[in-house]
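The structure presented is a predicted model; accordingly, all values stated were derived computationally and were not measured.
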Amino acid sequence: MAESTEFTELTALQLVDGYRKGEFSPVEATRAALERAERIQPQVNAFVRLLGDEALEQARASAERWRRGEPAGLVDGVPVTVKDILLLRGAPTLKGSRAVSERGRWEEDAPSVARLREHGAVFLGKTTTPEFGWKGVTDSPLSGVTRNPHDPTRTAGGSSGGAAAAVALGAGPLALGTDGGGSVRIPAAFCGIFALKPTYGRVPLYPASAFGTLAHVGPMTRDAADAALLLDVIGAPDSRDWSALGPVTGAFSAGLSQGVRGLRVAYSPSLGGQVAVQPAVAAAVRRAVERLAELGAYVTEADPDFTDPVEAFHTLWFSGAARVTQAFGPHQRKLLDPGLREICDRGARYSALDYLAAVDVRMELGRRMGRFHDSYDLLVTPTLPITAFEAGTEVPKGSGHRRWTGWTPFTYPFNMTQQPAASVPVGTDGDGLPVGLQLVAARHRDGLVLRAAHALYEAGTATAAGTP
């Protein structure tokens, strides 16, 4: 039998295999995950709410199902965390905001949570988010600052920062995050884990996001194999999301072992010189790209044909933020994060024509990327041009950036195009801070992204998160 501390190092697939063989039980794994969550909370502040009693009750029910040889599904008994943007039955969803009341019965699950519940997952708790997920770091007036597992003076990134920190530190191998401009990939890169923003609609979302079709739900995990498993669970249709995609033919997990031989890979180190990338980041990403070539991919240094769409993204994003807070009265507005209040004020000033002009930019960007993928199966970039900076700030000090989008130029374009994009940990900088590589494919080619990421894990270029 594994020691308690070892449970927190196991992937979801390893846990399920152990349950199946009777080597240990979901109760042991859940207890270890809860103990780890409680221990890390004072250092990194990954959780807004732990559900210890409920989780152990779910784990005991799972253990009985496994004893009978009747598991409920693919992740029966696996500890999971849920970002506090998504509804989880029985727990308030406050979205990082003091302006949201806890009052209510909280009787509904988000679609991704509902699918996990159907498959027997154990819910450890809700993870931290900036207010309404508005920025690329995780701090809020409600829950304070979430810190990096590798250096608590640094940010975990955001907006799914609590989820990333929890996975990196062993408080559950599976996490649900959301991504409207990089919000699973940014913290994955900073914390050294894997995250996938699937094709828009692949994972149903309800209630609908005020950020519209920029907003995705995605898996955050220890490696690509666990992400494929989680996507197999949460990628099922849900009637509450009118924009959700239909059922997948086959399982994402089934295609992981096909490797990258023969794939056409475009490597864009700086989006055609538009992005200044830290040398340590550039070097780690280049080494991983060279490994893809050694594994049989046809790698070409090539840049997608677009200029930075940040102003169009701001129009879409700030308008969404204004919509989130439109019904708030003066007292509620005073409770908001000052940065959020600022972008809401700006978003409220856009006209319908401004918004539609941004949509035009988005549609042209999608066209250009569609043509790009006629020539290339995958695009590889750094996930971020930098490693984690000081916690509690929206932008690195001295960077000259005004908003978080200034240091995330590789991520938000692919929310605008709705393409699948993943962050893979491929090394560290001189301070031991993780570096992420981004893999992007054409819409509906999620399996290709997972397959390439898995090849990097199998080759040892990417590594499953271990306790820092």
Side-chain angles (χ1 to χ4, degrees), residues 1-41 44 46-47 49-83 88 90-91 112-113 115-127 149 162-177 191 193-194 219-234 253 463-468:
M1 183 182 296
E3 293 293 325
S4 176
T5 53
E6 293 179 0
F7 290 123
T8 59
E9 303 301 318
L10 298 180
T11 66
L13 284 166
Q14 289 169 332
L15 287 176
V16 169
D17 187 56
Y19 301 158
R20 183 181 297 110
K21 293 175 179 176
E23 295 175 349
F24 46 81
S25 82
V27 176
E28 294 168 285
T30 299
R31 186 171 288 119
L34 286 169
E35 289 172 357
R36 178 61 60 84
E38 290 169 354
R39 183 167 69 80
I40 68 172
Q41 181 63 8
V44 299
F47 291 89
R49 186 179 302 267
L50 282 169
L51 304 168
D53 292 342
E54 298 93 328
L56 288 170
E57 182 179 348
Q58 293 163 7
R60 286 189 284 269
S62 173
E64 177 58 22
R65 291 192 294 272
W66 281 107
R67 188 193 65 78
R68 297 195 309 265
E70 300 174 352
L74 296 177
V75 293
D76 200 341
V78 177
V80 178
T81 64
V82 178
K83 183 180 180 180
L88 173 64
S112 51
V113 175
R115 301 295 84 75
L116 281 165
R117 198 182 297 278
E118 291 164 2
H119 280 257
V122 172
F123 296 102
L124 296 179
K126 303 296 289 289
T127 54
V167 170
L169 289 169
L174 303 179
L176 290 179
C191 293
I193 68 164
F194 181 82
M220 305 179 72
T221 57
R222 300 175 65 81
D223 59 23
D226 266 10
L229 173 70
L230 183 49
L231 191 58
D232 284 336
V233 173
I234 65 176
S253 299
T463 55
T467 304

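Look at E28 and R31 and you find no salt bridge, because none of the NZ, NE, NH1 or NH2 atoms lies under 4.0 Å from a carboxylate O. Salt bridge R68/E64: present, at least one basic N to carboxylate O contact under 4.0 Å.
Under a 3.5 Å cut-off, the side chain of E54 and the backbone N or O of F123 do not form any donor-acceptor pair. Side chain of D226 to main chain of A12: a donor-acceptor pair is present (N/O by atom type, distance under 3.5 Å, no hydrogens or angles). In this structure, the side chain of T127 does not engage the main chain of G162 through any donor-acceptor pair within 3.5 Å. Using a distance-only test at 3.5 Å, with no hydrogens or angles considered, no donor-acceptor pair links the side chain of D223 to the main chain of F194. Looking only at distances, no side-chain donor or acceptor of Q58 sits under 3.5 Å from a matching main-chain atom of G77. Without hydrogens or angle criteria, R222 side chain to E9 main chain gives a donor-acceptor distance under 3.5 Å.
When each of L51, V82, L174, T30 is tested with L124 by the rule side chain to side chain contact (heavy atoms under 4.5 Å, CB included), just one qualifies, namely T30. The side chain to side chain contact (heavy atoms under 4.5 Å, CB included) with L74 is formed by just one residue from the set D232, L116, L230; it is D232.
Across every non-hydrogen atom of A175 and V167, the tightest pair is CB-CG2, 3.7 Å. Residues A164 and I193 come closest through the heavy atom pair CA-CD1, 3.7 Å. Smallest separation of non-hydrogen atoms from G18 and F24: CA-CZ, 3.5 Å. The two residues R65 and G120 have their closest heavy-atom pair at NH2-CA, 3.7 Å. The minimum heavy-atom distance between A163 and M220, with the atom names listed, is CB-SD, 3.7 Å. Considering all non-hydrogen atoms of both residues, V27 and A63 come closest at CG2-CB, 4.2 Å.
Side-chain contact between P26 and D76 is absent, with no heavy-atom pair separated by less than 4.5 Å. Between L169 and Q41, the closest side-chain pair of non-hydrogen atoms is not below 4.5 Å. The closest side-chain heavy-atom distance from P79 to L15 is below 4.5 Å. Contact check for L56 versus L34: side-chain heavy atoms found under the 4.5 Å cut-off.
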Show your working on side-chain contact (heavy atoms from CB on, under 4.5 Å) between L176 and I234 and close with a plain yes or no. CA-CA 9 Å; L176 290 179; I234 65 176; 3.8 Å; yes
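For the atom pair OG1 (T81) and CZ (R49), the distance works out to 15.0 Å, reported to the nearest 0.5 Å.
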